[in-house]
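Notes to accompany the following structure.
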Amino acid sequence: MVDDSLWTIFINASLVNNFVLAYFLGICPFLGVSAKLETASRMGGAVTFVMLVSSICAFGIQTLLVAIDAPYLKLIAFIAVIASTVQLVEMFIKKVSPALFRSLGIFLPLITTNCAILGLALFQTNKGYSFVQCIVYALGAGAGFTLALVLMAGLREKLELAEVPDVTRGTAMALMIAGLLSVTFMGFGGLGG
Amino acid sequence: MASSKSSTDEFIKGLWNENPVFVQVLGMCPVLAVSNTAMNALAMGLATAFVLIMSNIVVSSLRSFIPKQVRIATYFLIIATFVTVVDYVIQAVSLDLYKALGAFISLIVVNCLLLGRAEAFASKNTIARSTMDGLGMGIGFAFALFCLGAVREILGNGSLFGASLFHDSFENWVVMILPSGGFFTLAGWLLLFNWLKQRRAKREATTALGLRKEVA
Amino acid sequence: MRLLGLKTFRHGVHPPESKDETSGLSIRQFPFAPLLIVPLVQHMGAPSIPVVEEGQEVERGQRIGRPDGFMSVSMHAPASGLVRRVALAPSISGRMVPAVYLEPFPGSTQEIEDGTPCPLEATKDEIIAAIQDAGVVGLGGAAFPTHVKLKIPDGKFVDTLIINGVECEPFLTTDHRVMLEESRDIFTGIRYLLKVTGAERVIVAVEANKPDAAEHLREAFPSDLNGSVEVLQVKYPQGAEKMLFSALLGREVPSRGLPLDIHALCCNVATAAQIGQLLPRGRGIQERVITVTGPAVKRKGNYRIPIGTPLRFLLEHVGVADDVNRVFLGGPMMGAAAPSLEISITKGTSGVTAFTDTAAERTHSPVYPCIRCGYCVDACPIFLDPSMLGRLAASEQFSTMADEHHLMDCFECGSCSFVCPSHIPLVQRFRGAKAAVRKSKAGAA
Amino acid sequence: MSHSELATAPTPAPPSVWHMYRAMVGVGVFCGLLIVSVFQVTLPLIERNKAEALQKAIFQVLPNASTSTTFSFDVDGGFKLLEGDDVGQPLVYAGYDDAEQLVGLAVEAQGMGYQDVIALIYGYSFAEQAIIGIQVLESKETPGLGDKIETDPDFLENFQSLDVSVRGDGSALANSVVPVKHGEKTEPWEVDGITGATISSVAIANLLDRSAQYWVPRIRNNLRNFQGED
Amino acid sequence: MANGGKTLEIRTSPHILSGYSVDTIMFNVVLALLPVAGFAVFAFGLAGLLTLSMAVASCVLTEHLICRAAGKPSTVGDWSVTITGLLYGLTLPPSLPLWMVAAGGVICVALGKALFGGLGYNTFNPALVGRAVLQAAFPVAMTSWIPGFAAGRFSSVPSSTLTLPFTSPEYDAITSATPLALWKFGREATATSDLAMGFISGSAGETSSVLILVGGVYLIARNMMSWRIPASIFATVFVFSGALHLVDPTRYASPIFMLFSGGLMLGATFMATDMVGSPMTSRGCYLYGALIGVVTIVIRTWGGLPEGVMYAILLGNAVTPHLDRWTRPTIYGAKGKEAPT
C-alpha cells in the first residue's frame, strides 16, 4: 500500500533523496563524465532515457516473478534486462536517429554498469510502486541524476582554470564538490513530505 | 600480462599499490553508501570480496569454455549469482545487518571492480593467480571500506564496531554519517594518498638529482 | 543609444580625464631638432621606398619616400636640410625600421612651399591619389592609410560620414585644439571626403567635455553641408569607430567586418583637417599637432611638431621631472610605452604622456587572482568576457579563446585592465594570445 | 582461448553457435542450481528471522501480549485469519495475553518523514481505546536529531497512552491525533513534539492519525472477527 | 637628459588604473559589516563577542597556517578571510560552543577555500560552507537559540558557550525559537518592528535588518557590490511570498515577514553578493537572485527546515557557472551579418 503522490515521488527522487548525492548511485559516471558540460548533459539524457525504459521493464519483470513465485531470480533478471535494454536502445537509436546515436553512443555501454539504473529497479520494487508511480520515479531519478551531473560539470569546468593545489586535483576535488553539493541538497529535506 | 610476478605479488598489489578504492577509485557506490559504520563497511567489504574471489575463480576456470562473444553476459550471470547467494546468506545470518546494507548488496553486481577483474585478469590467468588477485583486491577493497567506515563511525557516532570509544558527553559529528560525510571522508583519504604519493615522488626526484650531482 | 539625454554606447569606463591642464593651451610651433629621424614606416602597410640618398639636400615638403603599392603612402621632408643617412632606426614597436636621418639646415624656415594643388573639382580617383601622395594616414593613432579607406569597392556605398572629434583618451587635447583652431580646414576636408565617398550626410561627433569645440563647430558649420554636430556622453572608449557607429547610428559593424558593411565611414577630425589643409596646396604631411602632457612634464601643451622629432629632444625641450620613468606615445589607456628615448615622433603620434614613478600605480600594485567581480564584463564595449579570457590566457588555451570567446574581436581599448581590482594585465595577456593565434593560423595556412 | 593459439592464428575463426549455447546454458544451469539450492537452504532461516523480528515488535507495542495471530483485512469481508500467502491484503496482528484474551492489535503504518519514509508498528489497546506503544521499523531521519523519535523518552511517553477513541456512531475518531509544541500537551490525543526535531515528530503524529483514522473504526466495527474464532 | 641613466619601464597599456583593488574592496566590506557585528555584540553580549572573535580568529589563523604550510606568502592581508570569518560568525547561534565555532572556522577556510586554490576559486561561499557543514554535523547545537537583550548578557555567557572541546553542550532553560521557527511550527507571526530592529532571537548577525541594509547601501554606493543580486532576491521573495500570502494568509506568512525574518537580509546583502560565487553578467545576477529567492521561499514554506537562505545561496553558487554561460552577452557586431573574412 503505497499512496505517495506522484509529485512527492518526483521531488523525492530528484531532490530530497537525489540518487547521486544522497544514495551514491551512479557515482562512477558522476565522477567520470562530469568534466565537460556537454558530455555531462548528454550522459544525463541518456541515463534518464534508459532509466525510464528499464523501470518499465523492471516493473513487468517484478509482476512476472511474483506471478511465478521466483523472487530469487530478481537480481539476475534485472541485470539481464538492463543489459539487453541498453543494447536494444543502442540499436534502436542507431537505426532511428544516427545523429542522436553519435552524441549518446559512447555512453550507452557505460550505462550498463551504472548502479543508478539497477538501484532504481530495486528501489521501485522495494517500495512497491504502481506502474505510473514507477514511471514518475524513473523520471525523477533521471532528472536528479542529470541535475547533479550538470551542476558538477559546471563547477568542474570553472575550476579547470583555477590554481588548484596539486593534492586536491582530480578525484579528491570532485568528491569535495560532491560533498558540498550533497550538503546543499540537504536543504531540500522535508520537501514533498 | 604479469607473467614474471609471483602469486604473492598478485595478492600484495591489490592491498596497496593498486588498491581498488584509493588508487583506482573503483566501485564508489558501496564505498560511500554503506561506510557509515565500521561494521557495515566491513560486512560490505567482505561480501564484495567473497563475490570477487568466487567470480574470479569461476571465470578463470571457465575461461577456455566461454567464447569471447558471450563473455560479458556470462560474467554478469556469474557475478549476479554469487551476489544473490550473498544476499540470502546475509539475510539468514542477520536481518539487522541486511537492513543496514539494504539494496547495496544487490548493487554489488554493478560494481565495476568485479567485472573489471573478471575481464582484465581472471579471464586471462590461471585459477591460482586469479584467486590471489581476487583475494588481494577483495581484501584491499574491504580494507579501504573499513578505513572509511572507521573514520566515519568514530567521528560520527563516537564508537567503533558499536562500542563507545569516548565519554558519554562526546558530541557526535553527525555530518560524518550523512551522505556528505561519505564524500568528505573519501576525499580526505584521497588527499592523504595524493600527498604521500607526491612527497615520495619529490623525494625520489631529489635523490635522483643528488645522485646525478655526485656522478657529475 | 541614448542615456540621460546624450547619445552613447553600452558599457565602457570613466577614467579620470586629466585634460584641463592642456585643453586651454593654443597650438604652438615646435622648433626643429638638430637631427630629425623620419621612419619610412609610419603607417599600417608596406614601408615607403626612399627616393633620396645620403648626402642629398632636400627642401622642406619635398617627397623623400614614395608609396610601395596601394597599401602605402608618400613621405615628405619635415625640414630643409641634408640627408645624413638612410638607415635603420629604433621604433615604438621595439623593432628597427628603415628611416631617413635628416639634418635641418640651421635657420631652416618653417614656411612651407606649395605644390600642385588638387582642387575639389577633381575626380574621385584624382583626389584619392592626391591623398595618398600627401601621405595622409589616420591621425587618431591607428595610422591607417586614409586613401585605402576612401576607395569604396564597386557595389558598396556609404550614406553617412562620421568625423571623429571625440578624443576619449585621457590627457590628450590634440583634437580639441584642432577643432577650435582649424575648423575651416576641417570643413574643407569634409567636402573632399564627402565627394570621394559619396556620403549623403556628415556627423561631427564631439564628447560633452568639449562644449566650446562643439559650439565653435556648430557656428562654423557651412549651411550648404547636409549634417550636424553631435555631442556624446563622456565615456571611454567613445572615440573608437565601432562605439561611434553604435552611439550615433545604432548600427553595429559585423564581427570582423568593415564599417562599409553598415554603409558608414569614420574619419578623425585631425585627419579631415590635414586633408583640408594639404590638398588645396598640394603639400604633404610634415608636422602634426601633439599634446605633450602627463605628471612628469613641466611645460605641458599642444605643439605642432615636425615629423621625425626624436623623443629625447622633445622631452628636453618641454622639460620633465627627474624621476620620470615611463613615457607613452598616445594616451595612458591605449598608448604604447616608449622603449627608449631614441624613437621619433610619427604621423600616428597623437600625444606624448610622461609619468613619474610615484604616479605609476600599476608598478606597485600587487596582482591578485581574479575574484570574478564582473567589473571587466561591465566595462568591455565589445561585450566580451575578459575575466574568462584572462583565465584562459593564463592556462594558455589560446585557440579556445579565439574560437569560443571571440578573442580576435578585442581591440585592446584597455577598459578591462583599467577596472580590474585584481590588477591582472588582461590586455597584455590578450595581445600575447592574439599573437599566438595569428602565428598558429599562419602556420596552419 | 590460450595464448599459443592467438599467436599461431592471428584471425581466429569465430566459435560455433554451439559453443556459445553450450557456454551460456552451462553457466546458466550452474548458476541456477547454485541460487536455488542456497535459496532453499536459507529460506527457512530467513522466514524465521523475519517472524522473530515481527514478533518482537508486536510484543514491544503490546506489552501485555504473549501470543499473536495475523489477520488479513478485506474491505467487504472484514478481518480473517491469515491462511497461506494472502498476497496484497493489508495485515494486522492481534495480540493475546496468557489467558488468551485479546489485548489489542498491532498495526503497521508508514508516512513521509524528513528524509524518507518512516515505517512503524503501533499497538492499539481495546480496553484503553488508545495507542499503547510504537516501534519504528524503518527510518532514515537525521541521526542525533530526527532519530530522537526512536530514542527520546519524553516523546515515546506520548505513545504509552494516546487517545484514539471513536465517535459514538463508530464512523471516525472522536479526536484527531494532533502534534503540539514540546511542553504544550494538554489533551490525551495530542502528541508532545520534540524540540529541534519538529518535522520528524510531526510526521509521526500525522502518520499515526492517518492510520488510526482508517483502522481503529474498522477494527472496532469488526471486533468479533478477533474474538470469535479463538 | 633629465631622467639621467634611469631606464624606462615598458609595460603595455592601459597605464592607469581605476584605483579599485581587491584589498580595498574587501576592507570596505569589512567596514560595512562592522555595524552589524557591533549590534550582534550589543544584542547578545559577551556570548556574541566571543562567537564573533572566535570565528574571525579561527578563519584568519587557518588561512595563515595553510599558506605557510604550502610555502606561499600569507594571504591574510587581502582581508577576504576576515570577511569570511565575520560572515561566518554572524550566521552562528550566539550560544554555540566556542570549540564548534573554531572547528567550523577551520572548515570554512580549509574546505571552502584553500583546497580549491584560495581566493578567487572558492566556488561556494566559504562562510556558508562552514556553516552548512556545522549545521549537518551538530544539528542540535546549531538550532539552539538564546534570546537577545537578556539581562546580564555583558557579565555572563550561556553555559553552552564554554563547553569543553568535543563534548556536548548543556543548555540553560533559556533557549527560544526564531521567528521563522515560530511561524513554521506554530503559525505565530512576529511583529515587523521587532524584526527590523532585531528584538528577536536568531543568529548573531541576522537580527538587525536595518544595519545590514545600511552596510549594503554603503557598498552599493561605492560600487563595491552588485545591487542587482539583493534587489532581485528581495523582489522575488516579496512577489512569491506575497502571492502565496494572498492565497491563504493563515498558511503563508506575509511578504514583509519573509523579507525581514531569518538570514534573508544578511544572506542577500552580504553572502549572495560574494563576487567569487555569483554570476558576472547583469542578467545572470537577476536570474541568480530570483533562484535564491524562490528556493528560499520553497524551503521555508514546504521544506522541513524553517530557514533555507543558506541552502538557496549555496545552490545559487553551484548554478553560477551555468548562469554565466547562458547569459553571456552577444558580442558587438555578432547580430549583423557575418562579413567575409
- Query: Are there more than 12 heavy atoms of other residues, nucleotides or ligands under 6.0 Å from atom CD of A:Glu163?
  - Reply: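 No, not enclosed.
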- Would you say the side-chain atoms of B:Asn157 and B:Ser159 include a donor-acceptor pair closer than 3.5 Å? yes
Between [X] and chain B, which part of the residue has a heavy atom less than 4.5 Å away: side chain, backbone, both or neither?
| X | answer |
| --- | --- |
| A:Met186 | side chain |
| A:Leu122 | side chain |
| A:Phe78 | neither |

Heavy-atom pairs under 4.5 Å with chain B - which of [options] has more of them than the others?
| options | result |
| --- | --- |
| A:Leu118, A:Val167, A:Thr168 | A:Val167 |
| A:Leu73, A:Asp166, A:Leu75 | A:Leu75 |
| A:Leu181, A:Thr184, A:Leu180, A:Ile177 | A:Leu180 |

- State, yes or no, whether a side-chain contact exists between B:Phe141 and B:Val21 at a heavy-atom distance under 4.5 Å.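 Yes, at least one pair of side-chain atoms sits under 4.5 Å.
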- Would you say the side chain of A:Phe185 lies within less than 4.5 Å of the side chain of A:Val16, judging by non-hydrogen atoms?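 No - every pair of side-chain heavy atoms lies 4.5 Å or more apart.
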- Task: Check each atom of B:Phe104 against the heavy atoms of chain A and say whether the ones under 4.5 Å are side chain, backbone, both or neither.
- Result: side chain
- Query: Using the ring of each side chain (for Trp, its six-membered ring), is B:Phe161 parallel, tilted or perpendicular to B:Phe146, with breaks at 30° and 60°?
  - Reply: parallel
- Item | Heavy-atom pair count under 4.5 Å with chain A, highest-scoring of B:Thr185, B:Asp87, B:Thr84, B:Leu26 |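 Highest number of heavy-atom pairs under 4.5 Å: B:Thr84.
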- Partner chain A: residue of B:Ala80, B:Ser180, B:Ala73 with the largest heavy-atom pair count (under 4.5 Å): B:Ser180
- Item | Criterion ring-ring contact (aromatic ring centres under 6.0 Å, His included) on A:Tyr129 and A:Phe123, from CA distance to verdict | CA-CA 9 Å; A:Tyr129 280 157; A:Phe123 287 159; over 10 Å; no
- Query: Which heavy atom of A:Gly119 sits nearest a heavy atom of A:Phe19, and at what distance?
  - Reply: C-CE2, 4.4 Å
